[in-house]
Protein chains: 2
Amino acid sequence: MSKQADLPVLGQDEACCAPMVREPLGEVDAAELSRMFKALSDPIRLRLLSLIASHEGGEACVCDLTGPFDVSQPTISHHLKVLREAGLVGSERRGTWVYYWVLPEALGRLSALLETPAVPAKASA
Amino acid sequence: MSKQADLPVLGQDEACCAPMVREPLGEVDAAELSRMFKALSDPIRLRLLSLIASHEGGEACVCDLTGPFDVSQPTISHHLKVLREAGLVGSERRGTWVYYWVLPEALGRLSALLETPAVPAKASA
DNA sequence: CGGCTGTATCGACATCCGTCGATACAGCAT
DNA sequence: ATGCTGTATCGACGGATGTCGATACAGCCG
């Protein structure tokens with residue numbers, strides 16, 4: 001087993017962050033990761049996340065996020081809470097407004113997990 | 001018989017597959033992507049997927065997949081169906097057994113979407 | 001101070017989802 | 001053919017989830 005000391009991207013711990021193509025996920029890791037994916041499993045939350053991530057300055061006020069959707073303000077607030085509790089975004093009140101930003105470490109962890117090393121059937125011995 | 005072209009990594013189209021950090025997701029893309037993430041939002045499905053992906057030969061028989069879990073065989077079959085209908089795995093009956101394999105293009109698409117271009121502005125001085 | 005705007009929480013409701021046992025279906029072996 | 005094993009489908013049930021309106025909380029401004 002090779003231990004990589006200084007991986008350039010998302011060096012978390014190797015327990016759960018190697019591409020799932022390499023080794024089966026343990027129960028504990030699967031539970032935690034599934035919670036994050038569940039937060040991404042709603043189209044509104046996905047759009048919220050992308051709105052936040054792509055917003056100028058890397059953060060967005062809730063007031064920027066309620067407009068584009070057809071659902072009520074409490075519903076948006078609920079979805080933002082889900083994203084926050086999944087560890088995908090951070091938030092902070094600044095005066096009247098509340099700002100949300102993406103936590104790139106979390107996204108990167110999921111991204112790395114889903115990475116496909118190469119085309120299949122081309123086994124590297 | 002792999003219908004896999006020689007596309008090495010997730011070249012898709014940039015409409016939905018650029019990192020979501022770059023531009024907000026459209027409603028249609030968000031709907032489709034959220035369906036895939038929903039398939040990943042269950043710990044058993046996540047473990048199933050990693051078992052399949054990491055299995056020797058890149059594919060696994062259902063008989064290899066029912067053992068590691070505490071749930072019934074119909075439940076496993078249901079989860080495999082969800083993964084298949086989300087476009088994350090393919091399957092084929094070969095005599096008595098049914099084999100499942102991962103569709104790397106789909107995983108790569110999700111991975112690319114979650115890619116974070118760099119560390120956040122605050123962290124690196 | 002009182003009122004106004006922005007955001008979160010609460011309680012209720014309909015729908016969706018994971019799970020099961022029972023059962024149907026597919027293919028091999030005898 | 002008959003039975004046996006592997007897998008999928010069905011119907012049901014309990015719990016989770018998305019949504020709303022009503023309301024509470026936080027901070028600005030007159």
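For the numbers below, each heavy atom of this structure counts, side chains included, while hydrogens, waters and symmetry mates do not. Residue numbers start from 1 in every chain, and the chains themselves are labelled A, B, ... in the order their sequence lines are given, proteins ahead of strands.
The phosphate of D/dG6 (OP1 or OP2) has no side-chain N or O of B/T96 nearer than 4.0 angstrom. One finds no side-chain N or O of B/R93 lying less than 4.0 angstrom from the OP1 or OP2 phosphate oxygen of D/dG6. Residue B/S72 has a polar side-chain atom (N or O) positioned under 4.0 Å from OP1 or OP2 of C/dC20. For D/dG6, neither phosphate oxygen OP1 nor OP2 lies less than 4.0 angstrom from any side-chain nitrogen or oxygen of B/Y99.
Protein atom CD1 of B/I52 is 12 Å distant from nucleotide atom P of D/dT7, rounded to whole Å. B/E85 has its CD atom 12 Å from the C1' atom of D/dT9, to the nearest Å. Going from atom CG of A/D64 over to atom C1' of C/dT7 covers 13 Å, rounded to whole Å. We find that CD of A/E92 is positioned 17 Å from P of D/dA26, with the value rounded to whole Å. For B/R35 and C/dC17, the CZ to C1' distance is 17 Å, given to the nearest whole Å. In this structure, A/H78 places its NE2 atom 5 Å from P of D/dG18, rounding to the nearest Å. Here the P atom of nucleotide D/dA8 and the CH2 atom of B/W97 are 14 Å apart, to the nearest Å. We find that NZ of A/K81 is positioned 15 Å from P of D/dT19, with the value rounded to whole Å.
Among the nucleotides D/dT7, D/dG18, D/dC20, the one closest to any side-chain atom of B/V62 is D/dT7. Comparing C/dA8, D/dT7, C/dC20 by their closest approach to the side chain of B/P74 singles out C/dC20. When the nucleotides C/dC20, C/dA8, D/dG18 are ranked by their closest atom to the side chain of A/D42, D/dG18 comes out on top. Distance from the side chain of B/S77 is smallest for D/dA8 among the nucleotides D/dA8, C/dG6, D/dC20. Here the nucleotide nearest the side chain of A/H79, chosen from C/dT7, C/dC10, D/dG18, is D/dG18. Among C/dA8, D/dT9, D/dT7, the nucleotide with an atom closest to any side-chain atom of B/V98 is D/dT7. Taking every side-chain heavy atom of A/K38 into account, D/dT17 is the closest of C/dG6, D/dA8, D/dT17.
In this structure, the side chains of B/L107 and B/L49 come closer than 4.5 Å at one or more pairs of heavy atoms. At a threshold of 4.5 Å between non-hydrogen side-chain atoms, the residues A/T75 and A/H79 count as touching.
Within 4.0 Å of B/R94, counting heavy atoms only, lies no atom of the nucleic acid at all. Within the nucleic acid shown, B/R84 has no heavy atom closer than 4.0 Å to any nucleic acid atom. As judged by a 4.0 angstrom heavy-atom cut-off over every strand, B/I44 is placed among residues touching the sugar-phosphate backbone only.
A donor-acceptor contact shorter than 3.5 Å links the side chain of B/S50 to the backbone of A/L25.
Across all their heavy atoms, A/L83 and A/A39 have their closest contact at CD2-O, 3.8 Å. A/V102 and A/I52 make their closest contact through N-CG2, 3.9 Å (heavy atoms, listed as atom of the first residue, atom of the second, distance).
For the pair A/L80 and B/R45, nearest-nucleotide mapping onto DNA chain C gives the more 5' position to A/L80.
Note on B/R22 versus B/E115: no salt bridge recorded, every NZ/NE/NH1/NH2 to OD/OE distance being 4.0 Å or above.
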